[in-house]
Amino acid sequence: MSEKKRETPLLDELEKGPWPSFVKELKKEAARPMVQDLLGQLERSYEEKVGHWKHGGLVGVMGYGGGVIGRYSDLGEEFPACAEFHTMRINQPAGWFYTSTALRTIADIWDRHGSGVTNMHGSTGDIILLGTKTQELEPTFAELTEHGFDLGGSGSDMRTPSACVGPARCEWACYDTLGAVYDFTMQFQDELHRPAFPYKYKLKFAGCPNDCVASVARSDMSFIGTWRDEIQVDQEQVKAYAASGAIDVQKDVCDRCPTRCMSWDGKTLAIDDVNCVKCMHCINAMPRALAPGNDRGAAILIGAKAPIVGGALLSSVFVPFIKMEPPYEEIKELIGRIWDIWSEHGKNRERVGEFIQRIGLGNFLEQIGLDPVPEMIVAPRANPYIFYQDDVFAQPGEEA
Amino acid sequence: MSAVTVDQVAEAMFQLVKETHGKKSLKATDLTKAMAEKFGSECTKDVCKLAIRQLMDSGRCIYSYFGGSYITLPPETP
């Protein structure tokens, strides 16, 4: 095992300045040979501008296909303590609420079995435990499960669903994101732990269109809280904002409305709610005066991805409004139909958004039995060569 | 015709994984499609799911990750 202190002049540069530094944090654990070698290898990567990790392989825990990401150094002889440096993804609690005891428990387990280095949290939302050897995977898993934790997703499976803090700490939550994420996680345990898809599938639950979990950019299926009645307006509070001088209602609110559906005459704020696109700008600007409506639910969007294979995609509206109420049967059935068609015809490493682009939204909707609605369309088609189905134009009494 | 059992499907899947080991990587979907072909419509996706679970829980097969998740045989122990 390597006891040698590695020289890290390039990494040391990243300790300078007032901001948090991952190098500083790693050096706090540098008494561990695994972290010492990690620093050494990282310094080498900075020198050579080349990554030295090999990814994947056969590592995992018995019965599961997700939750462990194999990492091997291709400089294992030079940095033996981090020759194996596997990542474990642990399913985070809904909304990332912990007791300090729970955090200590996780940290203690990782001190015993791994490098002690964590990443709270990964982009999927999981607790990320960075760096352990193959022989430590099962003992770590056993201790984690003993304390009520489970592995999250990785590989071609449903990734660990995540949710914003929702109604626990936010007045804008249009549905119970925490309840929903728990319910869907429990429902789809098999899909989470046993990869059976062409590629990953992420579910994210955002309580309102502010989308604090960035679901519109990062999840294959987003559940974004919204409402279908009118924005609640407290005119006295609007006046108070205007009188305070802290905000110019016309300039900062009305003029920045993307659909210009608001007007302000100095006394009353009028909103043409039919044309409101629920962007949240006015509500964020005057939180004491405005609030989402009372008829709340969620819009379901589909198809976002980060640019790993192919380019990035933002998600598109799929179901403009649905009440988000347990047991969510209608939504679960919809998800099942999507998974069936995508698993059947999707190519290896093809995300559902790319699959829809390849086969066409019309075909996809037909396959999953969902009717098209105008909200699915970003802009009207400009191409004049449009082919309609004949039955659209069939006159009464006429055969289509 | 009697319904196909999870044990039968698991065994057939295992044989397929064994036959193709080192030649072709199989995903869960590949196994499910192959079983539907072999046993017909009585071999549902749910039966296949349970069969895969049985293979994994018993350790006869494991998952691998090489750019995607595959089902394979565990490495031979020396």
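Reminder, nothing fancy here: chain letters follow the sequence lines and each chain counts from 1.
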Between chain B and chain A, which N and O donor-acceptor pairs fall under 3.5 Å? A table would be great.
| unit_1 | atom_1 | unit_2 | atom_2 | d |
| --- | --- | --- | --- | --- |
| B/Lys27 | NZ | A/Phe197 | O | 3.4 |
| B/Lys27 | NZ | A/Pro198 | O | 2.9 |
| B/Lys27 | NZ | A/Asn348 | OD1 | 2.7 |
| B/Thr29 | OG1 | A/Ala196 | O | 3.3 |
| B/Lys33 | NZ | A/Glu344 | O | 2.9 |
| B/Lys49 | NZ | A/Glu191 | OE2 | 2.5 |
| B/Tyr65 | N | A/Gly57 | O | 2.9 |
| B/Tyr65 | O | A/Gly57 | N | 2.8 |
| B/Gly67 | O | A/Arg349 | NE | 2.8 |
| B/Ser69 | N | A/Ser156 | OG | 3.1 |
| B/Ser69 | OG | A/Ser156 | N | 2.8 |
| B/Tyr70 | OH | A/Asn348 | ND2 | 2.8 |

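- In terms of heavy-atom pairs under 4.5 Å with chain B, the best-connected choice from A/Pro195, A/Gly155, A/Gly65, A/Gly346 is A/Pro195.
- The greatest number of non-hydrogen atom pairs below 4.5 Å with chain B, out of A/Gly57, A/Gly60, A/Ala196, is found for A/Gly57.
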